[in-house]
Protein chains: 2
Amino acid sequence: MADRAEPAVKAGSGPEPTRDATLRSFTGYTMKRAFHAIQADLKDVLEPFGLRMLTFSALVVVVDNPGLRQAELADALVIERPNMVLIVDQLVEAGLISRAPAEGDRRAYALRPTEEGRALYQRATAAVRAHDERMTKNLDEEKRQLLVSALGLIEAVQWEEDDNGERS
Amino acid sequence: MADRAEPAVKAGSGPEPTRDATLRSFTGYTMKRAFHAIQADLKDVLEPFGLRMLTFSALVVVVDNPGLRQAELADALVIERPNMVLIVDQLVEAGLISRAPAEGDRRAYALRPTEEGRALYQRATAAVRAHDERMTKNLDEEKRQLLVSALGLIEAVQWEEDDNGERS
DNA sequence: GCATAACTGTTACTAGATATAACAGTTATG
DNA sequence: CATAACTGTTATATCTAGTAACAGTTATGC
């Protein structure tokens with residue numbers, strides 16, 4: 001804690017001196033690094049299909065919930081409606097989903113997958129599943145379940161913070 | 001799997017029908033959502049200190065490793081060198097760290113925290129620790145340890161993929 | 001009924017993170 | 001000493017994410 005002048009790390013003293021020990025004690029930092037690795041790998045996995053993480057996610061939700069509206073899709077993916085427009089545009093232009101007028105509400109669109117969209121869904125989902133298994137290959141199934149469970153509990157915290165007066 | 005016409009979800013049929021069941025089976029998707037929640041909360045935590053996630057991380061590493069260079073800092077945080085410039089600029093302008101010429105190498109700068117930087121480090125780190133404990137309050141210590149361990153194993157996958165011929 | 005509020009998708013704009021190419025100055029290597 | 005490699009930097013590009021504001025449509029309250 002004293003203000004030493006020059007010690008710290010000298011070039012070539014070791015391979016990787018682990019300079020982020022303090023940050024490693026934070027769950028969020030460790031998660032950021034792990035997610036960064038997943039993101040980079042997944043990007044390469046989806047590229048051959050002409051998809052990004054967001055367009056893949058949107059396609060999956062539309063295939064699983066044909067007929068839903070853009071606002072519902074945005075809610076499901078926790079994306080703001082304005083940001084949903086370009087994502088849906090891209091999927092429509094790629095011929096993977098269709099934007100048909102929703103019957104009974106002239107404001108809204110009903111999103112449905114095309115045949116092509118369903119076919120790509122199958123192939124892309126399989127590739128992403130393989131990617132996921134590759135990224136978690138060092139975890140046994142029990143640990144992977146615990147990981148997903150823990151992540152769910154962390155995400156849920158934001159929905160329960162209304163009465164204990166901690167954060168608004 | 002058949003191409004049903006209109007079923008899916010009708011407005012008002014339920015509160016939150018869980019339209020992303022398929023995506024939930026992917027570790028990366030669950031992690032993205034959890035990390036998104038952490039990011040949003042952490043942003044609010046750091047704002048009073050005039051820090052962002054990246055500037056906070058950089059400050060912590062500089063305080064813990066006084067004298068290190070920008071390239072070393074970038075490596076430690078897995079950030080490209082060009083992106084490090086603005087982050088260091090911001091910390092220098094805020095008077096939290098100093099960019100002094102590295103002795104023995106006229107190319108490089110040695111980064112060191114100022115007194116002000118060390119003081120803010122203490123306060124911000126405490127706030128982030130509280131934030132981290134709040135986000136993981138639904139996990140007992142064993143589960144939290146398992147989470148961090150699992151995240152580390154996932155991140156490590158990218159460093160061991162050179163000989164099994166899966167991905168370049 | 002009808003004024004008002006709320007919702008739909010959209011445009012425009014902003015801020016931030018991340019990545020690459022290319023550069024001048026400096027140091028290391030053969 | 002010529003060449004390669006490294007330092008920080010600029011410029012540029014893409015993607016994510018968020019807010020404000022809008023016209024058209026639907027729902028609500030009186």
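Labels below follow one simple rule: chain letters A, B, ... track the order of the sequence lines, proteins then strands, and each chain is numbered from 1.
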B:Val61 to A:Arg19 - nearest heavy-atom pair and separation: CG1-O, 4.0 Å
Expected output: side-chain B:Thr114 to main-chain B:Leu96 donor-acceptor under 3.5 Å: yes
For the student: nearest non-hydrogen atoms of A:Ala58 and A:Leu91, plus distance: CB-CD1, 3.7 Å
Integer-rounded Å distance: D:dC15 P and A:Leu54 CG: 11 Å
Rounded distance (Å) that lies between atom P of D:dA11 and atom CG of B:Asp89: 13 Å
Rounded distance in Å - CG (A:Leu46) to P (D:dC15): 13 Å
Residue B:Glu142 excluded, over 12 heavy atoms near CD under 6.0 Å: no
Phosphate contact (D:dT9 OP1 or OP2) by B:Gln70 side-chain N/O below 4.0 Å: yes
Closest non-hydrogen atom pair between B:Thr136 and B:Arg144, with its separation: OG1-CD, 3.8 Å
Dot-bracket line, read 5' to 3' along DNA chain C, where crossing pairs take [ ] and | marks a partner on another strand, Watson-Crick or G-U under 3.5 Å: ||||||||||||||||||||||||||||||
Separation of D:dG18 P from A:Ile87 CD1 (nearest whole Å): 12 Å
Step-by-step salt bridge (Lys or Arg N to Asp or Glu O under 4.0 Å) determination, B:Arg69 to B:Glu103: CA-CA 11 Å; B:Arg69 300 155 172 221; B:Glu103 44 184 321; over 6 Å; no
B:Leu42 CG to C:dG16 P, straight-line distance once rounded to whole Å: 14 Å
Rounded interatomic separation in angstrom, taking CD from B:Gln39 and C1' from D:dA17: 10 Å
Contact summary for B:Ser25 and A:Arg129, nearest pair of heavy atoms: OG-NH1, 3.3 Å
B:Leu86 CG - D:dA11 P separation (whole Å): 11 Å
Smallest separation among heavy atoms of A:Ala127 and A:Phe49, with atom names: CB-CE1, 3.6 Å
Annotated protein contacts, base or backbone, on nucleotides 19-30 of chain C with a non-hydrogen cut-off under 4.0 Å, one of B, S, - each: BBB---BBS---
Hydrophobic cluster (4.5 angstrom, side-chain heavy atoms) - remaining members for B:Leu146: A:Leu146
Whichever of B:Lys32 and B:Met84 has its nearest DNA chain D nucleotide further upstream toward 5': B:Met84
OP1 or OP2 of C:dT8 under 4.0 Å from side-chain N/O of A:Arg99: no
Length of the line joining A:Phe35:CZ and D:dC15:P, which is rounded to integer Å: 16 Å
